[in-house]
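Below, read A as the first sequence line, B as the second, and so on, with proteins coming before strands; counting in each chain starts at 1. As the structure is a prediction and not an experimental result, all values here were calculated from the model.
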Amino acid sequence: MPELPEVEVLARHLRPLLLGQTIRGVDIRRPQVLLPTDPAAFQRRLLGATFTGLQRRGKYLLFELRHARTPLTLLGHLGMTGRMYLAPRRDPLPKHTAVVLRLGARNFIYEDTRYFGRLTLDLASAEKLGPEPDQFTPAQFHAKLKTSRQAVKVKLLDQTLMAGVGNIYASEALFRAKISPRRAAGTVSGPRARTLLTAIRAVLQEAIDSGSTIPLNFAGKKTDGLFYFGRAATASEYYTERLNVYDRAGKPCNHCQFPIKRIVQAARSTFFCGQCQKD
DNA sequence: AACGCCGCCTGATCGC
DNA sequence: TGCGATCAGGCGGCGT
C-alpha cells in the first residue's frame with residue numbers, strides 16, 4: 001500500500017513530466033473518485049489548466065495548476081491500489097481507469113482497482129493532517145502520544161497525529177525502535193518517543209532512497225511490463241527486500257532469529273518480533 | 001472528544 | 001473442479 005515514501009518517489013517522478021503541461025481533455029470513468037467534487041465542475045475547472053508544480057503532503061499529492069490567471073490545487077490520493085502515471089495518448093486504457101487527463105502526446109492516467117483513492121478539488125482532507133515526520137520535535141510527538149490510550153501501532157496510523165505513516169512503516173519503525181506495537185501510546189516515555197520518531201524518519205528515508213517499497217505504475221501482471229521509479233534497477237533492490245517484519249509472519253527475526261508474529265489491531269495486520277520488542 | 005465500527009471496492013484465497 | 005464466502009485495508013462518516 002502506498003505510504004509516504006511511495007508517494008514521495010511518485011511526486012519526484014511526475015513533477016518534471018507534468019510541469020508546463022496543459023489539460024486538453026478530462027475523461028471521468030469513475031465519478032466516485034472525485035467526491036465530493038461534482039464531475040461537471042471538475043471538468044470545467046481543469047480544462048485548459050496548466051501544471052505549475054507538484055507537492056506531497058503525507059500520503060497526498062498536491063497538483064498545482066493555473067487556469068487563466070487563477071491558481072487551483074488538485075488533490076490526489078492512491079488509496080490502497082491507486083496508480084498515477086503518464087502513458088502515450090494511443091495506449092489502451094487499463095480496466096480500472098478512474099480518470100484520464102489528456103495532455104496532448106500523453107495521457108495522465110489515474111487507475112485504481114478498488115477505487116479507494118481520490119482525485120478531487122476538495123482539499124478538506126489534506127487540511128486535517130498532522131505534521132510531516134520531519135517537522136516534529138520529539139517533545140511535540142511525545143505530547144501527542146500522551147493523550148491516547150490506544151496501542152501505539154494503531155496511533156501511528158492516525159494521520160491527524162502525524163502524516164504519512166501507514167501499515168507497513170508503522171510495524172517497521174516500531175521494530176527499529178524496539179517498542180511493542182501493543183504498548184499504549186500514552187505510556188511511551190519521552191526518551192522512547194524520541195527513539196521512535198528517529199526510527200520513523202530513518203525507515204521512511206531509507207525507503208525513499210531505495211525507490212519505495214513497490215513499483216507504483218506496473219501495468220498488468222506484477223512480473224510483466226514493470227516500469228520502475230527511483231534508483232533501483234530491479235525489483236530485488238526495492239525496499240521490500242529490506243523489510244524486517246512486515247509480511248514476514250513465521251520467518252526468523254533478522255536480529256534474534258525468533259519467528260516474527262502477526263497480530264490484528266484495529267482490523268489491520270501488525271507484524272513484530274516478540275523477543276526484540278518486549279516494551 | 002477519543003475511539004470503535006461500518007461501508008466503500010475488487011481480487012486473491014479459502015472451504016466445501 | 002468450481003463456485004460462493006471470506007478477507008484485506010485507507011479513510012470518511014457516524015454513533016457513543
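By the salt bridge (Lys or Arg N to Asp or Glu O under 4.0 Å) test, A:R56 is found to be paired with A:E8, A:E132, residues two or more places apart in sequence or in another chain being considered. Judged as a side-chain hydrogen bond (donor to acceptor under 3.5 Å, both in side chains), and not counting sequence neighbours, the contacts of A:Q265 are A:T270. The salt bridge (Lys or Arg N to Asp or Glu O under 4.0 Å) search around A:R45 returns none, not counting sequence neighbours. For A:T198, there are no side-chain hydrogen bond (donor to acceptor under 3.5 Å, both in side chains) partners two or more places apart in sequence or in a different chain.
For the helix from B:dA2-C:dT16 to B:dC16-C:dG2, the end axes, each set by the C1' atoms of five terminal pairs, are bent relative to each other by 50° (nearest 10°).
First and last contacting nucleotides of DNA chain C toward chain A (any atom under 4.0 angstrom from a heavy atom, 5' to 3' order): C:dA8 to C:dG12. Along DNA chain B, read 5' to 3', the first and last nucleotides having any atom under 4.0 Å from a heavy atom of chain A are B:dC3 to B:dG11.
A:D112 comes within 4.0 angstrom of nothing in the nucleic acid, heavy atoms only.
Contacts between residues 27-34 of chain A and DNA chain B, defined by a heavy-atom separation under 4.0 Å, are made by A:R30, A:Q32. For the contact set between residues 113-149 of chain A and DNA chain C, defined by any heavy atom under 4.0 Å, the members are A:R114, A:F116, A:S125.
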Distance-only donor-acceptor hits, side chain of residues 89-101 of chain A, under 3.5 Å, sequence neighbours excluded:
{"residue": "A:H96", "atom": "ND1", "partner": "A:Y115", "partner atom": "OH", "Å": "3.1"}
{"residue": "A:T97", "atom": "OG1", "partner": "A:P94", "partner atom": "O", "Å": "2.6"}

Just list the side-chain donor-acceptor pairs under 3.5 Å for residues 156-164 of chain A, sequence neighbours left out, or say none.
{"residue": "A:D158", "atom": "OD1", "partner": "A:T160", "partner atom": "N", "Å": "2.9"}
{"residue": "A:D158", "atom": "OD1", "partner": "A:T160", "partner atom": "OG1", "Å": "2.7"}
{"residue": "A:D158", "atom": "OD2", "partner": "A:K155", "partner atom": "NZ", "Å": "3.1"}
{"residue": "A:D158", "atom": "OD2", "partner": "A:T160", "partner atom": "OG1", "Å": "3.3"}
{"residue": "A:Q159", "atom": "OE1", "partner": "A:G164", "partner atom": "N", "Å": "2.9"}
{"residue": "A:Q159", "atom": "NE2", "partner": "A:L157", "partner atom": "O", "Å": "3.1"}
{"residue": "A:Q159", "atom": "NE2", "partner": "A:V165", "partner atom": "O", "Å": "2.9"}

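A donor-acceptor pair shorter than 3.5 Å cannot be found between the side chains of A:T52 and A:R66. A donor and an acceptor atom, one from each side chain of A:D122 and A:T37, are nowhere located under 3.5 Å apart.
If you chain together ILVMFWY residues whose side-chain heavy atoms come under 4.5 Å of each other, A:L129 ends up grouped with A:Y60, A:L62, A:L75, A:L123.
In this structure, A:Q275 contributes its side chain and A:C256 its backbone to no donor-acceptor pair below 3.5 Å. Using a distance-only test at 3.5 Å, with no hydrogens or angles considered, a donor-acceptor pair links the side chain of A:S171 to the main chain of A:F271. Without hydrogens or angle criteria, A:R194 side chain to A:R192 main chain gives no donor-acceptor distance under 3.5 Å.
Under the 4.5 Å side-chain criterion, counting only non-hydrogen atoms from C-beta, A:N167 is in contact with A:K153. With contacts defined as side-chain heavy-atom distances shorter than 4.5 Å, the pair A:F108/A:I23 does not qualify.
A pairwise comparison of heavy atoms in A:L34 and A:T120 identifies O-OG1, 2.9 Å as the closest pair.
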